[in-house]
Amino acid sequence: VTARSQCLPQCTGHRWLAVGDAASAVDPLSSRGVVRALQFGLLAAQAISDHLLGKLPALAQYESMVRSEFERCLALRKQTYERERRWADAPF
């Protein structure tokens with residue numbers, strides 16, 4: 001099963017909202033799984049609450065935060081992987 005980093009093209013829709021790895025999954029070597037799950041759970045709960053209170057941009061803001069966090073993780077992964085020089089010719 002693939003464990004690649006990926007992000008849903010759309011994290012929110014009519015009566016649904018993707019949370020945690022369902023919204024975006026990052027390199028398991030980052031060891032941020034539990035932290036990300038808790039972070040996204042809190043962000044999703046706030047977005048749902050705000051949306052139900054009539055704050056219409058809440059879901060779009062949540063989606064923007066998911067995408068920003070995913071891009072940040074990709075940049076961090078790139079920096080981390082660039083530090084290792086021992087297997088520069090390896091395909092991974």
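Positions are given from 1, in the same order as the sequence printed here. Please read these numbers as outputs of a predicted model, since none were measured by experiment.
Glu71 meets the side-chain hydrogen bond (donor to acceptor under 3.5 Å, both in side chains) test with no other residue; sequence neighbours excluded. Every residue was checked against the side-chain hydrogen bond (donor to acceptor under 3.5 Å, both in side chains) condition with Arg15, not counting sequence neighbours, and none meets it. Residues satisfying the side-chain hydrogen bond (donor to acceptor under 3.5 Å, both in side chains) test with Glu82, not counting sequence neighbours, are Lys78. Judged as a side-chain hydrogen bond (donor to acceptor under 3.5 Å, both in side chains), and not counting sequence neighbours, Asp21 has no contacts. Among residues two or more places apart in sequence or in another chain, the salt bridge (charged side-chain N to carboxylate O under 4.0 Å, His left out) test is passed with Arg67 by Glu63.
Note on residues 33-48: pairs passing side chain to side chain donor-acceptor pair (under 3.5 Å), not counting sequence neighbours, are Ser24-Arg36, Gln46-Asp50.
Residue Phe40 holds its CZ atom at 8.0 Å from SG of Cys11, rounded to the nearest 0.5 Å. If you take CD on Gln6 and CG on Leu74, they are separated by 11.0 Å, rounding to the nearest 0.5 Å. To the nearest 0.5 angstrom, Arg77 atom CZ is 12.0 Å from Gln79 atom CD.
Under the 3.5 Å distance criterion, the side-chain polar atoms of Tyr62 are left unmatched by any main-chain donor or acceptor of Pro57. Between the side chain of Ser49 and the backbone N or O of Ala45 there is no donor-acceptor pair closer than 3.5 Å. Put simply, the side chain of Ser64 never gets that close to the backbone of Ala60: no donor and acceptor are under 3.5 Å apart.
By the criterion of side-chain heavy atoms lying less than 4.5 angstrom apart, applied directly or through intervening Ile, Leu, Val, Met, Phe, Trp or Tyr residues, Leu17 is grouped together with Leu52 in one hydrophobic cluster. Leu53 and Leu56 fall into different hydrophobic clusters, where Ile, Leu, Val, Met, Phe, Trp and Tyr are joined by side-chain heavy atoms under 4.5 Å apart, directly or via other members. No continuous path of hydrophobic side-chain contacts links Phe70 to Met65 [ILVMFWY only; heavy atoms under 4.5 Å]. No path of Ile, Leu, Val, Met, Phe, Trp and Tyr side chains, each step under 4.5 Å between heavy atoms, connects Val26 with Leu8, placing them in separate hydrophobic clusters.
Annotation for Leu59 and Thr12: closest pair O-CG2, 3.8 Å, computed over non-hydrogen atoms.
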